[in-house]
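As structure tokens, the structure follows; a few thoughts come after it.
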Amino acid sequence: MKPCAYLRPETVEEATAAHVAHPGAHYLGGGTNLVDLMKLGVTTPDTLVDISRLPLDGVTPLPDGALRIGATVRNSDLAAHPAVRGRWPLVSQALLAGASEQLRNTATTGGNLLQRTRCPYFQDLTQPCNKRLPGSGCAALERVHRDHAVLGHSRHCIATHPSDLSVALTAADATVALYGPDGGREIAVEALHRLPGGRPEQDTVIRPGELITAVTLPAHGAALPSVFRKVRDRASFAFALASVAAVLDVRDGRVRHVALAFGGLAHRPWRARRAEAALVGAEPTAAAVDRAVDAELAQARPLRDNAYKTRLARNLAREALTRLVAAR
């Protein structure tokens, strides 16, 4: 590993100032992804700004019924939190479907959202990768890409985003709080990650020096029927081939509210807005669900080796929504 400086600020303001003052700096939380990338030589920060001891590890109920989750809350603690398990079960399910128990005990909420793709060509310094080295090409396009994107990809990058938690938070309409040199701002988790376009090296819309300080689960989705489902090659410590997070509210035989997000299919969690629009106001029949999901996945552009993902996602979404209809 390349030698680097190590800083341990005591406040969020000190952390962001240190990051700005040291070009090439990286924030260090749990380190479960960053340290791996440093060992591989994929990421070579000049400075590590350790935020693990900042006062960002609380889970706080808000007066309006929302829940504010600090950026350094550990994944295992969040998954076990009574409010999350009882009111936003899809979030707990997504966390428990990720990594291993040991990693969940270390990984943080903010770090989970910001983990980088597990594309093998990104992690292999001998291979061209526009995400790692802009302008070098995308090895995955012509090589093995069974695990890669079918939605929103470009000729510059076909990698997928690995976070299960991001998918669940997207369906839950969660927001993320950021703090940086220009102060604080809040954006939807859905808007945090970018599609690759011609700049796949930019994973998110986070500005230089900005730090995730919290995630907020809004009250309007609390206690609604919800579920997270994931398909992977093995039962543990594997990333999604496809996943789905769904929230459904049916009143008087009609869909009043639905939120649907896919994982494993794109460079970011994919909010299925077309499917949602087709279902709101409709009777939640199997045929209506099929039409809605098919309308969403009509946008898919499968590659040579991964057309199965479209069918897999369709079946996952149908199963998830059908389960929620039956459970209401």
Side-chain angles (χ1 to χ4, degrees), residues 1-58 69-78 95 98-100 102-120 122-125 129 131-134 159 161-163 165-166 176-185 187 189 192-194 199-215 237 239:
M1 293 173 63
K2 173 185 172 182
C4 62
Y6 173 81
L7 303 175
R8 186 185 292 175
E10 296 184 1
T11 67
V12 169
E13 293 78 9
E14 287 181 6
T16 56
H19 195 284
V20 171
H22 295 82
H26 281 58
Y27 290 122
L28 174 67
T32 56
N33 184 213
L34 176 60
V35 173
D36 283 346
L37 293 178
M38 291 173 65
K39 289 178 180 178
L40 292 170
V42 174
T43 299
T44 55
D46 295 317
T47 305
L48 292 177
V49 181
D50 187 348
I51 62 168
S52 63
R53 292 169 176 81
L54 295 183
L56 302 173
D57 59 350
I69 302 157
T72 62
V73 172
R74 305 295 171 172
N75 287 180
S76 54
D77 293 335
L78 185 58
L95 287 165
S100 64
Q102 293 91 335
L103 286 174
R104 291 195 298 270
N105 287 339
T106 300
T108 62
T109 299
N112 189 300
L113 300 186
L114 297 181
Q115 62 184 298
R116 306 207 71 189
T117 183
R118 263 50 179 203
C119 173
F122 170 71
Q123 297 180 330
D124 185 347
L125 298 183
C129 172
K131 181 175 284 295
R132 175 171 31 82
L133 183 62
H161 180 65
S163 169
L165 176 60
S166 291
V176 58
L178 301 165
Y179 186 86
D182 298 323
R185 63 184 179 122
I187 61 174
V189 170
L192 177 64
H193 300 94
R194 298 178 62 258
R199 300 293 303 276
E201 73 277 11
Q202 295 182 352
D203 291 345
T204 72
V205 299
I206 292 178
R207 299 167 186 163
E210 280 190 323
L211 170 67
I212 292 179
T213 58
V215 170
F237 200 42
F239 297 96

Heavy-atom closest contact (Thr16 atom, Gly209 atom, distance): CG2-O, 3.5 Å

Side chains of Met38 and Cys4 in contact at under 4.5 Å (non-hydrogen atoms): yes

Min side-chain heavy-atom separation Leu114-Asp203 under 4.5 Å: no

Atom of Gln123, atom of Thr117 and distance for their closest heavy-atom approach: NE2-O, 4.2 Å

Sequence neighbours left out, cut at 3.5 Å: what donor-acceptor pairs do the side chains of residues 50-57 make with other protein atoms?
from: Asp50; atom 1: OD1; to: Ser52; atom 2: N; distance (Å): 2.9
from: Asp50; atom 1: OD1; to: Ser52; atom 2: OG; distance (Å): 2.6
from: Asp50; atom 1: OD2; to: Tyr6; atom 2: OH; distance (Å): 2.4
from: Asp50; atom 1: OD2; to: Arg53; atom 2: NH1; distance (Å): 3.3

For the student: nearest non-hydrogen atoms of Leu34 and Tyr27, plus distance: CD2-O, 3.6 Å

Flag side-chain contact, heavy atom, 4.5 Å: Ile212 against Leu178: yes

Close side-chain approach of Ser166 and His161, heavy atoms under 4.5 Å: yes

Value rounded to 0.5 Å, distance of CG in Leu165 from CD1 in Ile69: 7.5 Å

Donor-acceptor under 3.5 Å (Asn33 side chain, Arg116 main chain): yes

Student check: side-chain heavy atoms of Glu210 and Asp182 closer than 4.5 Å: no

Whether Arg194 side chain and Arg199 backbone form a donor-acceptor pair below 3.5 Å: yes

Glu14 side chain vs Glu10 backbone, donor-acceptor pair below 3.5 Å: yes

Which residues share a side-chain contact (heavy atoms from CB on, under 4.5 Å) with Phe239, sequence neighbours left out: Gln115, Arg118, Pro162

Side chain proximity check, Arg132 to Thr43, heavy atoms < 4.5 angstrom: no

Side chains of Leu103 and Asn75 in contact at under 4.5 Å (non-hydrogen atoms): no

Nearest heavy atoms of Pro181 and Val20, plus distance in Å: CG-CG2, 3.3 Å

Side-chain donor or acceptor of Thr32 paired with backbone N/O of Ala107 under 3.5 Å: no

Side chain to side chain, Leu7 and His22, heavy atoms closer than 4.5 Å: yes

Residues in side-chain contact (heavy atoms from CB on, under 4.5 Å) contact with Ser76, at least two apart in sequence or another chain: Arg74, Arg104, Asn105

